[in-house]
Amino acid sequence: MFGILAACQPVAEITQEPSNAYLTKASAEQRLTGGTSKVTVRAYREGADGKRGEEIIGAKCKLVSDDLAADAVTPQEVIVPRFKQRAEFEDRGVPSALVVSCKYGDLSGVSQVTAVPKSTTVMTGAGIAGALVSIAASAALATSTPWIYEGAVAVVMTDG
């Protein structure tokens, strides 16, 4: 029972305004959709069992990719741009992972957030013809939906 309670630690409330990511390459601007999403950055001490332990409030973090950079102080949201997914872009325009490096006193840690395409769904229950139409539509959408960074990144911090 105590193990279950320890695994369900409360998360700290985010009290500060979101940070904004900025472009580090002017050439990336042509790949932006104009939309944004949010990534929540949190830092945790490494627990005695090697897993995530107590949350750290106030760790200073840098988020860096090939195209973006941002600063955050945990816990904080970071507003990041969405990128176009197009056949004419190398690797369909997928942006590189955001590497998140945090420091807090003698503690440090690194994690990353990868961009994913906005999800598409396939309709079922419409027979073979309906499934084929649905698959074709999903494939077309998959090449036009944006790449997004979203969700949360948990940086587990250790001494050193």
Side-chain angles (χ1 to χ4, degrees), residues 1-121 142-160:
M1 179 160 181
F2 291 110
I4 293 171
L5 291 175
C8 296
Q9 296 176 356
V11 294
E13 180 182 354
I14 298 173
T15 59
Q16 55 194 327
E17 292 295 316
S19 171
N20 287 299
Y22 56 92
L23 290 178
T24 57
K25 280 190 197 172
S27 61
E29 194 167 345
Q30 70 177 340
R31 294 177 25 232
L32 300 181
T33 67
T36 60
S37 57
K38 290 181 184 175
V39 173
T40 302
V41 180
R42 294 184 179 276
Y44 298 87
R45 291 183 192 276
E46 182 178 45
D49 59 359
K51 295 182 181 177
R52 186 166 71 185
E54 134 190 36
E55 186 168 4
I56 297 172
I57 298 170
K60 293 183 180 181
C61 303
K62 294 214 174 279
L63 292 78
V64 179
S65 77
D66 289 345
D67 301 310
L68 302 173
D71 294 308
V73 177
T74 63
Q76 187 172 18
E77 291 178 323
V78 177
I79 299 171
V80 291
R82 293 179 178 207
F83 288 82
K84 295 175 185 173
Q85 183 178 171
R86 300 282 191 272
E88 66 265 20
F89 296 136
E90 183 178 336
D91 293 327
R92 293 186 353 263
V94 64
S96 65
L98 276 171
V99 177
V100 183
S101 305
C102 298
K103 288 197 160 292
Y104 184 81
D106 292 337
L107 299 175
S108 62
V110 176
S111 191
Q112 70 178 12
V113 178
T114 56
V116 294
K118 200 170 181 184
S119 62
T120 59
T121 59
T143 60
S144 63
T145 58
W147 294 103
I148 58 174
Y149 296 104
E150 69 176 359
V153 59
V155 180
V156 178
M157 301 180 62
T158 60
D159 288 325

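All residue numbers refer to positions in the sequence shown, counting from 1.
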Rounding to 0.5 Å, atoms CD (Q85) and OG1 (T33) come to a distance of 12.0 Å

For D159 and L107, run side chain to side chain contact (heavy atoms under 4.5 Å, CB included): C-alpha distance rounded to whole Å, both residues' side-chain angles, the deciding distance at 0.1 Å, then the answer. CA-CA 5 Å; D159 288 325; L107 299 175; 3.2 Å; yes

With a 3.5 Å cut-off and sequence neighbours excluded, list the donor-acceptor pairs that the side chains of residues 61-71 form with protein atoms.
| unit_1 | atom_1 | unit_2 | atom_2 | d |
| --- | --- | --- | --- | --- |
| K62 | NZ | D71 | OD1 | 2.8 |
| S65 | OG | D67 | N | 3.1 |
| S65 | OG | L68 | N | 3.0 |
| D67 | OD2 | R31 | NH1 | 3.2 |
| D67 | OD2 | R31 | NH2 | 3.4 |

For this session: Could you list the residues that satisfy salt bridge (charged side-chain N to carboxylate O under 4.0 Å, His left out) with K38, not counting sequence neighbours?
Result: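 K38 satisfies salt bridge (charged side-chain N to carboxylate O under 4.0 Å, His left out) with E77 only.
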
Listed partners of R82 passing salt bridge (charged side-chain N to carboxylate O under 4.0 Å, His left out), at least two apart =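 By the salt bridge (charged side-chain N to carboxylate O under 4.0 Å, His left out) rule, R82 matches no residue at all.
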
- Message: Are there over 12 heavy-atom neighbours, none belonging to E29, within less than 6.0 Å of that residue's CD?
- Response: no

Write down the atom of [X], the atom of [Y], and the distance for their closest heavy-atom approach.
X	Y	value
V80	A21	CG1-CB, 3.9 Å
A115	V94	O-CG2, 4.5 Å
Y44	I56	C-CD1, 3.9 Å

Would you find a donor on one side and an acceptor on the other, under 3.5 Å apart, between the side chain of [X] and the backbone of [Y]?
X	Y	answer
Q112	A97	no
D91	G93	no
W147	R92	yes

The criterion is side chain to side chain contact (heavy atoms under 4.5 Å, CB included); which residues satisfy it with A12, sequence neighbours excluded?
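Expected list: R42, E55, I57, P75.
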
Quick check: do [X] and [Y] have side-chain heavy atoms less than 4.5 Å from each other?
X	Y	answer
F83	L32	yes
Q76	P18	no
V110	V100	no
M157	Y104	yes
V153	T40	no
Y149	P81	no

Contacts satisfying disulfide (SG to SG under 2.5 Å) that involve residues 20-59 (not counting sequence neighbours) are none

So side-chain hydrogen bond (donor to acceptor under 3.5 Å, both in side chains) across residues 13-22, not counting sequence neighbours, yields none

